[in-house]
Every structure is written in structure tokens, then in C-alpha cells.
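Some notes on the structure that comes next.
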Amino acid sequence: MPHRQQAEKFRSFSADYTREVGGEHYAYVARFSLGDTISWNADVSQGEVIKGHLSGSFDRAGFGEPEVVGALRALIEEEIEALNGIDE
């Protein structure tokens, strides 16, 4: 019998973030695969203007979807706070 790999599930969510330093308001839409490895990307905007595109991956390590979403929110918001990959 052939080995079957579990198909990855794709999810997305959107959120708003206001920088603690500077107070600028950003919105982002994140997309991620829910497999053994979490591959993600996020488009960050300010108003109607795209300010950056962030991406990365990490090992799922047995976490469920709520924990993965929480980790992604933290990662994305840390990058926005530091303006890493974000056009001013």
C-alpha cells in the first residue's frame, strides 16, 4: 500500500495592529499552511497602501490551530513593531 502524506490545510486570518513606538496603525492578512511545517506569508497595509510582505516557516511541533495562529500573530506583530520588511 502506498504511503499517503496528510494533505496540508490552508488557512487565513486578518488583524489590525498599532505600533507601541510611533502609534502607526497597520492591518494585515496572513495566510498559512497547517501541516507538519507551518509556511506563512502576510501582506501588511496602512490604509489602502501595501507597506510590506512578510513570510517564513517554522515547525508545527504538535501545536493545534489556535496556538499556530497565536504564534503567527506574535511573529507578524513583532516584525511590524520593528518595521522589519515594512516601508515607512
Side-chain angles (χ1 to χ4, degrees):
M1 179 173 254
H3 175 69
R4 269 193 200 168
Q5 246 181 346
Q6 183 178 357
E8 292 184 348
K9 298 176 183 177
F10 291 93
R11 301 281 191 265
S12 66
F13 66 92
S14 59
D16 296 320
Y17 181 74
T18 301
R19 290 185 66 230
E20 292 177 23
V21 176
E24 301 92 351
H25 177 75
Y26 292 88
Y28 61 89
V29 176
R31 292 163 295 281
F32 63 98
S33 64
L34 193 56
D36 292 337
T37 299
I38 306 299
S39 295
W40 64 273
N41 65 66
D43 291 320
V44 180
S45 60
Q46 198 172 38
E48 298 294 320
V49 179
I50 297 291
K51 292 294 200 170
H53 180 79
L54 308 172
S55 63
S57 64
F58 59 90
D59 184 35
R60 184 173 178 178
F63 292 117
E65 187 172 349
E67 293 85 5
V68 169
V69 169
L72 286 172
R73 284 182 186 271
L75 282 168
I76 293 166
E77 291 173 5
E78 284 175 12
E79 294 301 296
I80 294 171
E81 187 64 37
L83 292 177
N84 290 331
I86 307 298
D87 293 333
E88 291 188 59

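None of the values given here were measured: they were computed from a predicted structure.
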(request) Using atom types as modelled and distance alone, determine if a side-chain donor or acceptor of Glu81 lies under 3.5 Å from a backbone N or O of Glu20. (result) yes

(message) Just verifying a value: how many Å separate Leu54 CG and Asn41 CG, rounded to the nearest 0.5 Å?
(response) 9.0 Å

(message) So, applying side chain to side chain contact (heavy atoms under 4.5 Å, CB included) with Thr18, which one of Glu77, Glu24, His25 is it?
(response) His25

(request) For residues Thr37 and Ser57, report the shortest heavy-atom separation together with the two atoms involved. (result) CG2-CB, 4.1 Å

(message) Would Phe63 and Val69 count as a side chain to side chain contact (heavy atoms under 4.5 Å, CB included) here? Give the steps.
(response) CA-CA 10 Å; Phe63 292 117; Val69 169; over 6 Å; no

(request) Give, for atom OH of Tyr28 and atom OG of Ser45, the distance between the pair rounded to the nearest 0.5 Å. (result) 11.5 Å

(request) Take Glu78 and Asn84, measure what side chain to side chain contact (heavy atoms under 4.5 Å, CB included) needs, and give me the verdict at the end. (result) CA-CA 9 Å; Glu78 284 175 12; Asn84 290 331; over 6 Å; no

(message) Which heavy atom of Gly52 sits nearest to which heavy atom of Ile86, and what is that distance?
(response) CA-CD1, 4.4 Å

(message) Rounded to the nearest 0.5 Å, what separates atom CZ in Phe13 from atom CD in Glu65?
(response) 10.0 Å

(message) Once side chain to side chain contact (heavy atoms under 4.5 Å, CB included) is applied, do any residues pair with Glu88, and if so which ones, sequence neighbours excluded?
(response) Leu83

(request) Taking all heavy atoms of Ile38 and all of Ser33, pick out the closest pair and write down the distance. (result) CD1-O, 3.4 Å

(request) Quick one: closest heavy-atom pair of Arg31 and Asp43, and the distance? (result) NH2-OD2, 2.8 Å

(request) Considering non-hydrogen atoms only, spot the tightest contact between Arg73 and Ala15 and give its length. (result) NH1-CB, 3.2 Å

(message) So, taking the atom named CD1 in Ile76 and the one named OH in Tyr17, what distance separates them when rounded to the nearest 0.5 Å?
(response) 12.0 Å

(request) Check Ser12 against Phe32 and note the closest heavy-atom contact, atom names and distance. (result) N-CE2, 4.3 Å

